Amino acid sequence: MSIQNLNTPFDPFADAFKGSDEGVQDGLVHIRIQQRNGRKTLTTVQGLSTEYDLKKIVRACKKEFACNGTVVEHPEYGEVLQLQGDQRNNICHWLTRAGLVKADQLKVHGF
């Protein structure tokens, strides 16, 4: 435990830049679309930082996009957000507006 010098200001984000990305495979947030049955689709968001509360993000997205959604545990990717319907553009704009990710960190997949 170190004692901080009183003359230097405390920077709460100093360790954020050297943080590890163990939950993210390549530092990107992957947004994918999956075909269900018929015309039904699922939008999945994988790679969000583990320090965010994903359940609160899903709750806000459900309200904003008027769709249903959940957080599922994927064996390879960890926790993944699932939203009903094709929400790829909506979630991209929402994540950048909320300041959760930068536009160059988004990778959109799908047909």
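Note that the structure is predicted; figures quoted are calculated from it, not measured. All residue numbers in this chain count up from 1 along the given sequence.
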[X] [atom1] to [Y] [atom2] distance, which is reported to the nearest 0.5 Å:
{"X": "Asp86", "Y": "Arg39", "atom1": "CG", "atom2": "CZ", "value": "12.0 Å"}
{"X": "Trp94", "Y": "Leu100", "atom1": "CH2", "atom2": "CG", "value": "5.5 Å"}
{"X": "Thr70", "Y": "Glu79", "atom1": "OG1", "atom2": "CD", "value": "10.0 Å"}
{"X": "Glu76", "Y": "Gln46", "atom1": "CD", "atom2": "CD", "value": "8.5 Å"}
{"X": "Leu81", "Y": "Gln87", "atom1": "CG", "atom2": "CD", "value": "12.0 Å"}
{"X": "Arg36", "Y": "Ile33", "atom1": "CZ", "atom2": "CD1", "value": "11.5 Å"}

Can you check whether [X] reaches [Y] side chain to side chain, under 4.5 Å on heavy atoms?
{"X": "Lys62", "Y": "Asn68", "result": "yes"}
{"X": "Leu48", "Y": "Val101", "result": "yes"}
{"X": "Thr44", "Y": "Gln34", "result": "yes"}

Centre of Tyr77's six-membered ring, under 6.0 Å away, within 45 degrees of the axis: is that where NZ or CZ of Arg32 sits?
-> yes

Within one Ile-Leu-Val-Met-Phe-Trp-Tyr cluster: Leu42 and Ile57, side-chain cutoff 4.5 Å =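 Cluster IDs for Leu42 and Ile57 differ.
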
Where do [X] and [Y] come nearest, in terms of heavy atoms and distance?
{"X": "Asp104", "Y": "Leu28", "value": "O-CD2, 3.9 Å"}
{"X": "Cys92", "Y": "Ile31", "value": "SG-CD1, 3.5 Å"}
{"X": "Gly47", "Y": "Val29", "value": "O-CG2, 3.8 Å"}
{"X": "Leu83", "Y": "Gly69", "value": "CD2-CA, 4.0 Å"}

Just by distance, do the side chain of Gln35 and the backbone of Gly38 share a donor-acceptor pair under 3.5 Å?
-> yes

Counting distance only, does the side-chain N/O of Thr43 pair as donor-acceptor with the main-chain N or O of Gly85 below 3.5 Å?
->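 Flag set: sc Thr43 to bb Gly85 pair under 3.5 Å.
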
Between His109 and His30, what is the ring plane arrangement, given parallel below 30°, perpendicular above 60°, and tilted in between?
->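 Plane angle under 30°, so parallel.
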
Run the salt-bridge test on Asp53 and Lys55 with the 4.0 Å N-O cut-off and return the result as yes or no.
-> no

Could you check Val45 against Val80 for side chain to side chain contact (heavy atoms under 4.5 Å, CB included), going step by step and ending with a plain yes or no?
-> CA-CA 6 Å; Val45 181; Val80 176; 5.8 Å; no

